[in-house]
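Data block below; observations after.
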Amino acid sequence: MGTMTNGFTRLTEQFLIHIGVERGLATATVTAYESDIAKYIDWLETRGIHEPDAITKQDVEDYIAALDQAGESARSKARRLASIHEFHRFALGQHAVTADVSAAVKAPKGASTLPDVLTVDEVTRLLDAAAVGGSTDPVVLRDKALLEFMYATGWRGSGGTRADLGPGYRVSEATGANLDDIDLDEHIARLMGKGSKQRLVPLGSYACRAITAYLNAGRGELEQRSSAKIPERRALFLNKRGKRISRQSVWEIVKVTGERAGITKPLHPHTLRHSFATHLIQGGADVRTVQELLGHASVTTTQIYTHVSPETLIETYLTSHPRAR
């Protein structure tokens, strides 16, 4: 790893073990961290900084400025800064530094526009509206389970090819989900993303309860409605005719449920994925973890979710500014 001296060597080794073993991040993600931190430390040492606690906020800002002078894109700089933030948080937790000097350094603005995101309250209203007063109608149970599944897992609107569904069959992760892709006892879902890449994502208790109710009292009845000689035995979510649900049906479910919940923002299936990621970041999750959960190949794609909402800005202002009240 570059020309690191002993002042950084042990901390870096501990950091890589932490993210690779304790947190179980993918090998490619650990390698990306390792590369980013090695370049950062090499640069620090050219400035005569050989100990973690000698780094200042100005050093971090100067490093990002140096990347800009080297012609790196905003996305690349954002990715490197995400690695630096995580490294400094770890150093603080290990008492290798007395303060996280990187915390106040913000990622450079890129050209990307912010995605449509619901607030936590709006998501709650949407998911509550799917229940339609506690109805046990199989379609209602399915819609509730589907929306809970989407928000719980960061469902991707379009996925890779599922060989078991036929050559070239493009499916989404929710519509392509099979019964054996979920483990309700372990609260885990196996999702198939772009390029037929699989990832494991936790299933929260709300999603597990909704899926259990659907499987116990809804899916069987939908399966019986099929006119096919061989019923659909594998698909998790079925349409009203007992066939695997389509992406168009998912769009319609999201739209109709949003109208019922009185949500005026633009709504589409990816809105729940964007909200999933944003709420994790706002709740304290680091961007690399969210990258793994979303199945992004690069953390720069995930970086867009680190934006600060207007509500958060106002709340911070009211609680922090001495003349705000």
Side-chain angles (χ1 to χ4, degrees), residues 115-162 165-166 169-179 181-182 189 191-194 201 203 206-207 209-215 217-228 231-232 234-279 294:
D116 297 321
V117 174
L118 300 179
T119 65
V120 174
D121 286 343
E122 286 171 333
V123 170
T124 299
R125 281 164 46 200
L126 179 73
L127 298 177
D128 287 347
V132 193
S135 171
T136 57
D137 181 276
V139 172
V140 172
L141 294 176
R142 180 207 60 195
D143 291 354
K144 171 70 170 174
L146 174 66
L147 294 176
E148 288 281 5
F149 176 84
M150 291 164 63
Y151 179 58
T153 61
W155 163 86
R156 187 195 300 275
S158 60
T161 299
R162 288 293 291 264
L165 296 177
Y169 190 96
R170 295 281 294 178
V171 297
S172 70
E173 289 176 342
T175 61
N178 287 325
L179 290 167
D181 288 334
I182 60 170
L191 301 183
M192 178 76 74
K194 292 181 178 178
V201 179
L203 270 178
Y206 285 83
R209 283 197 295 270
I211 293 172
T212 298
Y214 161 65
L215 293 179
R219 189 191 177 283
E221 183 173 333
L222 292 178
E223 184 179 301
Q224 291 175 8
R225 296 180 183 180
S226 175
S227 59
E232 175 59 76
R234 302 195 64 195
L236 174 59
F237 297 110
L238 303 179
N239 63 21
K240 296 178 181 179
R241 296 174 300 282
K243 298 180 180 179
R244 184 182 292 270
I245 198 170
S246 68
R247 282 182 289 179
Q248 290 77 11
S249 293
V250 174
W251 274 79
E252 186 65 20
I253 291 167
V254 172
K255 176 184 176 182
V256 171
T257 308
E259 292 173 351
R260 189 184 303 134
I263 296 174
T264 57
K265 291 180 179 177
L267 267 183
H268 47 84
H270 255 54
T271 304
L272 283 173
R273 177 172 166 86
H274 297 324
S275 302
F276 163 88
T278 301
H279 297 166
L294 291 173

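No experiment lies behind these values; they were computed from the predicted model shown. All values below come from the heavy atoms of this structure, side chains included, with hydrogens, waters and symmetry mates left out.
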Under the side-chain contact (heavy atoms from CB on, under 4.5 Å) rule, what do D181 and L191 come out as? Steps first, then yes or no, please. CA-CA 7 Å; D181 288 334; L191 301 183; over 6 Å; no
What's the verdict on side-chain contact (heavy atoms from CB on, under 4.5 Å) for E232 and L222, showing C-alpha distance, side-chain angles and the deciding distance? CA-CA 10 Å; E232 175 59 76; L222 292 178; over 6 Å; no
To the nearest 0.5 angstrom, please state how far the [atom1] atom of [X] sits from the [atom2] atom of [Y].
X	Y	atom1	atom2	result
I211	L141	CD1	CG	12.5 Å
S275	M150	OG	CE	10.0 Å
K144	L126	NZ	CG	9.0 Å
L118	I263	CG	CD1	5.0 Å
L179	L215	CG	CG	6.5 Å
R260	T257	CZ	OG1	5.0 Å

A quick test of your reading: do over 12 heavy atoms of other residues, nucleotides or ligands sit less than 6.0 Å from CZ of R241?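 No, CZ of R241 has 12 or fewer neighbouring heavy atoms, counting only those of other groups under 6.0 Å.
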Shortest non-hydrogen contact between [X] and [Y], atoms and distance:
X	Y	answer
A177	R244	O-NH1, 3.5 Å
A207	A152	CB-CB, 3.7 Å
R125	G262	NH2-O, 3.1 Å

Could you tell me how the ring of F237 sits relative to the ring of Y214: parallel (under 30°), tilted (30 to 60°) or perpendicular (over 60°)?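 Geometry flag for Y214 against F237: parallel rings.
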Could you check if a side-chain atom of [X] sits within less than 4.5 angstrom of a side-chain atom of [Y], using non-hydrogen atoms only?
X	Y	answer
K265	T119	yes
L203	F149	yes
D143	V132	no

Using the test side chain to side chain contact (heavy atoms under 4.5 Å, CB included), find all partners of E259 that sit at least two apart in sequence or belong to another chain.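 E259 satisfies side chain to side chain contact (heavy atoms under 4.5 Å, CB included) with K255 once adjacent residues are dropped.
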E221 and L238: CA distance, side-chain angles, deciding distance, side-chain contact (heavy atoms from CB on, under 4.5 Å) verdict: CA-CA 10 Å; E221 183 173 333; L238 303 179; over 6 Å; no
Taking the side chain from R142 and the backbone from G218, do they hold a donor-acceptor pair closer than 3.5 Å?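 Not a single qualifying donor-acceptor pair exists.
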Determine yes or no for a side-chain-to-main-chain donor-acceptor pair under 3.5 angstrom, with T271 supplying the side chain and L267 the backbone.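 It does not hold such a pair.
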Step by step, would you call Y206 with L127 a side-chain contact (heavy atoms from CB on, under 4.5 Å)? CA-CA 10 Å; Y206 285 83; L127 298 177; over 6 Å; no
